[in-house]
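First up is the structure itself, then whatever we jot down about it.
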Amino acid sequence: MNIELIIKDKVAEAITSLYGQSVEPTQVQVQLTRSEFEGDQTVMVFPFLKISKKSPEITGAEIGEYLVANVNEVSGYNVVKGFLNLVIDNSYWIDCLNAAITTTTMTTTVPYEIITVPNDSYGFVPVTDQSELVMVEYSSPNTNKPLHLGHIRNNLLGFSLAEVMKANGYKVVKTNIVNDRGVHICKSMVAWQKFGNGETPETNGKKGDHLVGEYYVKFNEQYNSEIAGLITAGRGEVQAREEAPSIVETREMLLKWEANDPEVRNLWKMMNGWVYKGFDETYKKLGVDFDKIYYESDTYTIGRDEVLRGVKDGIFQQESDGSVWANFEKEGLDKKILLRSDGTSVYITQDIGTAQLRYRDYPIDHMIYVVGNEQIYHFQVLSLLLDKLGYKWGKDLYHFSYGMVELPNGRMKSREGTVVDADDLVAGMIEVARSVSMELGKLEGYTEEEKENIYHIVALGALKYFILKVDPKKTMTFNPEESIDFNGNTGPFIQYTYARIRSILRKAKETGIAIPGRVDTSFLNEKERNLLKIISLFPEVVKEAGKAHSPAVVANYVYDLVKEFNSFYHDFSILNEPDLKIRDFRLAVAQTVAKIIKNGFSLLGIQVPERM
RNA sequence: GGCCCUGUAGCUUAAUGGAUAGAGCAUCUGACUACGGAUCAGAAGGUUGGGGGUUCGAGUCUCUCCAGGGUCACCA
């Protein structure tokens, strides 16, 4: 049982026994004792002064006496101001370490020839038939341009969040809604027809999503020059935007598309096919995946039907021009358009259809949308819309919103060409990993394939860790150079620590030293004690990350652990330690730290290398 | 303008309402016949944007002002 819960329980018991008034264990505030004070766990006594009617010092001492006398795990106490610091018995910390490194099925009793039985699920709650199902939607790209840095934050957060929820005992379905239809797609199609000369990814070797993206850019160039021409010819800007031939053509194409025109549909299928192939490559490189993909082209009609049902039921209003609106002025929001006057769907319409289809496909208990914070308003509206349409889950949808990614020199702007392409970025990171590795010459003797694999692991580790360690809701600055720094609070630094520990363990094995699966010693110095405290925290950290929906909690924890371990590791010569009990204890600690790094990084979707 | 989010060291950032605001980068000082130095030990660097309030206690909650960003489309 977790030490914090034990203390809360027992403090409540102590107060009842000492002062005759009952207190809920949840009202007891417990935290880790700061390192400059003696003790391991600290209880706040301020809230109980009204009950005890005594000074903080006396109240703390009385509770402390009671705990030492009645709780096995508590071996001592001291009171500083209103803080009751409790000393936890070494046996508790040793038990924590054993829980992390062994399974209970261990049978051997020989202390120094034990085969390691790793507890790979340390900190993770198992998924059972009774587990609730969480659907996590993330990525959700448009098929008119390739993925960029913003999408990377989305994909990494979405994937990691799904892993964190799994570790918290939820069944998880990762899903992606591909915005494969609409005006923007038609723009690329129009441009390709006009300028393409029939080129395809097969004929020119370009990645499909990039090729389509180029035509989207070409469309905008053409469109803008047409607008400029019309303005020169004396039209107003608004009128020019409406009347430019390209946009007229695009609107016609969208109508044809919705009318299932075979020629338009074939073009659409072909170009989207290119894009999907390109996206798959990028997803694979990033190491993210999905259990179920929905396409807007399959869901928008369902959404439209739902909106029309809403009109029939009097929930929404249809204007004389045919457009349909929802009025949320009562809820403090604006009027929102649901269908255009020509009957076509807008963005939010398909979200209604997608939601309905998903709840039909899966017994969803919780729905999480990983979408940027510029769409907070959109999801408020969606929640209300679904609620009005009578879906009880409408109110419960959770919009996991995250901030934008900026560059050191400012925001990414497609107009200014400062967008960082996802594929270029990953390729660049791999290049840096390669050159740094070659300079250090640590990978000599490995095949080219092994080396490439390590460069990829390190490059992605750098990128992912840099992005995931930051609080998701904050706008973050991505510095490509700093992210791949191999020192400090970075992914590669943590990966390096893992590789070093694996190296120790390999060496131990080579020299015939068995790594203990279970330790039994009361020897603990301050550093070891600190490390064990951090190790014992991991399950709580995973739980907190699930509750806070934040991979950053895990990332920052792993870094703390690694920092503490490096200090420990540097001071002790583990394999040369003459006292076998101490040596084995330290080996067990090293092994456990490696395991937590591995488990923690798996929650972030980051791989750890055996060597680097 | 209405609503929402953010503001912490030169830079990137951490901190369930708790003790002296914690790291990394950069800067400076030390430690390499090294279980992997891609390391470690240490120094310096802060009025947590400003001001009021609640509280035994505020970076955190509240009000207000300032700065930055988002959003309020028959775009997605």
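The figures that follow rest on heavy atoms only: side chains count, while hydrogens, waters and symmetry mates do not. The structure displayed is predicted, hence computed values, not measured ones. Numbers restart at 1 for each chain; the letters A, B, ... are given by sequence-line order, proteins then strands.
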For the side chain of A/S341 and the base of B/C74, is some donor closer than 3.5 Å to an acceptor across the two? yes
According to a cutoff of under 5.5 Å between the ring centres and under 30° between the ring planes, does A/Y559 stack with the base of B/A23? no
Against the side chain of A/R340, the closest entry in B/G36, B/A76, B/U12 is B/A76
In terms of side-chain heavy atoms of A/T477, which of B/U12, B/A41, B/C35 is nearest? B/U12
I need the single residue from A/R241, A/E237, A/E243, A/E242 that forms a side-chain hydrogen bond (donor to acceptor under 3.5 Å, both in side chains) with A/Q239. Which is it? A/E243
By nearest atom, which of the nucleotides B/G22, B/A76, B/C35 is closest to the A/N179 side chain? B/A76
Nearest to the A/Y496 side chain among B/C74, B/A19, B/G36, which nucleotide is it? B/G36
Does the ring of A/F37 meet both stacking tests against the six-membered base ring of B/A19: centre distance under 5.5 Å and plane angle under 30°? yes
For A/D485 and B/G24, what is the distance between atoms CG and C1' respectively, to the nearest whole Å? 9 Å
Quick one: look up who B/G36 pairs with, Watson-Crick or G-U, both distances under 3.5 Å, and put none if it's unpaired. none
Within less than 4.0 Å of OP1 or OP2 of B/C56, is there a side-chain N or O belonging to A/K50? no
Check for me whether A/R181 meets the cation-pi criterion with A/Y300, that is, NZ or CZ under 6.0 Å from the six-membered ring centre and within 45 degrees of the ring axis. yes
Considering only atom C1', compute the distance from B/A21 to B/U48 and round it to an integer number of Å. 8 Å
Any-strand Watson-Crick or G-U partner of B/G1, both distances under 3.5 Å: B/C72
I need the CZ-P distance between A/F379 and B/G70, as an integer number of Å. 19 Å
Distance check: side-chain N/O of A/N479 vs OP1/OP2 of B/U12, anything under 4.0 Å? no
Decide whether a cation-pi geometry holds between A/K469 and A/F466; the criteria are a distance under 6.0 Å from NZ or CZ to the six-membered ring centre and an angle within 45° of the ring axis. yes
OP1 or OP2 of B/C40 versus the side-chain N and O atoms of A/K563: is any pair under 4.0 Å? no
Whether A/S503 contacts B/G36 is assessed here as follows: a side-chain N or O lying under 4.0 Å from the phosphate OP1 or OP2. Is that the case? yes
Considering only B/C4, B/A14, B/A19, which nucleotide approaches the side chain of A/K474 most closely? B/A14
Side chain A/N85 and base B/A19 donor-acceptor under 3.5 Å: yes
What is the pairing partner of B/G24, taking Watson-Crick or G-U wobble pairs with both distances under 3.5 Å in any strand? B/C11
Going by ring centres under 5.5 Å and near-parallel planes (under 30°), is A/F46 stacked on B/C56? yes
